[in-house]
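Presented below is the structure to which this report refers.
All values derive from a computational prediction rather than experimental measurement. Scope of the values below: all heavy atoms of this structure, side chains included, with no hydrogens, waters or symmetry mates.
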Amino acid sequence: MKHFYLLAVLFFMSFAVTTKAQEAVSADKMIKMAKEEYKVGKLKFKEGTTFFMEFTNISKKPVIVESVLVGCGCTVAEKPSAPVMPGKVGKIKVAYDATAAAGSTFKKDVTIKIKGAQPKTVYFTGEII
């Protein structure tokens with residue numbers, strides 16, 4: 001009988017955790033990206049580029065960027081250090097080192113994790129010359 005109660009408690013606890021995880025709203029309801037895909041153009045091999053991905057807080061509460069994840073070691077991104085107030089613009093600094101072979105094109109992803117929202121992935125593309 002003790003095993004039954006233990007299993008029941010574990011089941012309800014896992015259900016509560018799953019329900020809480022599903023409560024996160026779409027990031028698109030909290031922020032509006034200036035672009036969904038950034039075109040960085042032609043880059044010289046190993047010179048790379050640095051640019052900003054901008055978004056506007058379209059919610060009624062401050063937006064906190066918890067983390068910014070990049071898809072490879074050739075990219076580094078920095079999140080805003082302070083919350084972005086409603087109606088204000090936030091910037092994510094992105095640096096790409098362009099070490100792929102000359103003549104190749106690339107499409108890289110940057111995933112933005114906002115507190116209380118599902119992750120938002122934005123891309124940047126270009127060509128290495």
Answer yes or no: is there a side-chain heavy-atom contact under 4.5 Å between Lys88 and Asn57?
no
Can Lys46 and Asp97 be said to form a salt bridge (Lys or Arg N to Asp or Glu O under 4.0 Å), step by step?
CA-CA 6 Å; Lys46 290 192 178 181; Asp97 69 4; over 6 Å; no
Calculate, to the nearest 0.5 Å, the distance between atoms NZ and NZ belonging to Lys79 and Lys93 respectively.
15.0 Å
Between Glu127 and Ser104, is any pair of side-chain heavy atoms under 4.5 Å apart?
no
Checking Asp28 side chain against Lys32 main chain: does a donor-acceptor pair fall under 3.5 Å?
no
For the pair Glu78 and Lys91, find out whether any cationic side-chain nitrogen is under 4.0 Å from an anionic carboxylate oxygen.
no
Distance from Ile128 atom CD1 to Phe106 atom CZ, nearest 0.5 Å?
5.5 Å
Between Met30 and Ala117 the two heavy atoms that sit nearest each other are SD-CB, 3.4 Å
Could you report the tightest heavy-atom contact between Val70 and Thr75, atom names first, then the distance?
CG2-O, 3.2 Å
Within a strict 4.5 Å, meaning less than it, do heavy atoms of the Leu69 and Lys113 side chains meet?
no
Kindly give the heavy-atom pair with the smallest separation between Ala27 and Lys120, and that separation in Å.
CB-CB, 3.6 Å
Whether the side chain of Lys35 engages the backbone of Lys39 through a donor-acceptor N/O pair (distance < 3.5 Å, no angle test) should be reported.
no
Using ring-ring contact (aromatic ring centres under 6.0 Å, His included) as the criterion, list what pairs up with Phe51, not counting sequence neighbours.
Tyr38, Phe124
So Met33 and Ile112, do their side chains get closer than 4.5 Å, heavy atoms only?
yes
Do Ile114 and Ile64 have side chains that approach each other closer than 4.5 Å (heavy atoms only, starting at C-beta)?
no
Is Leu43 reachable from Phe45 through a run of hydrophobic residues whose side-chain heavy atoms are each under 4.5 Å from the next?
yes
Between OH of Tyr123 and NZ of Lys107, what distance do you get to the nearest 0.5 Å?
6.0 Å
Would you compute the distance between atom CE of Met53 and atom CD of Glu36 and round it to the nearest 0.5 angstrom?
10.0 Å
One should read off an interatomic distance between Ser59 OG and Met85 CE, to the nearest 0.5 angstrom, of 10.0 Å
State, yes or no, whether a side-chain contact exists between Val84 and Val89 at a heavy-atom distance under 4.5 Å.
no
Sequence neighbours excluded, the answer for side-chain hydrogen bond (donor to acceptor under 3.5 Å, both in side chains) partners of Thr111 is Thr121
Is the closest side-chain heavy-atom distance between Tyr96 and Thr50 below 4.5 Å?
no
Phe55 vs Val122, test: side chain to side chain contact (heavy atoms under 4.5 Å, CB included). Steps then yes/no.
CA-CA 11 Å; Phe55 64 89; Val122 184; over 6 Å; no
Under 3.5 Å donor-acceptor, Thr56 side chain and Ile58 backbone:
no
Can you find a pair of side-chain heavy atoms, one from Val63 and one from Ile31, that are under 4.5 Å apart?
yes
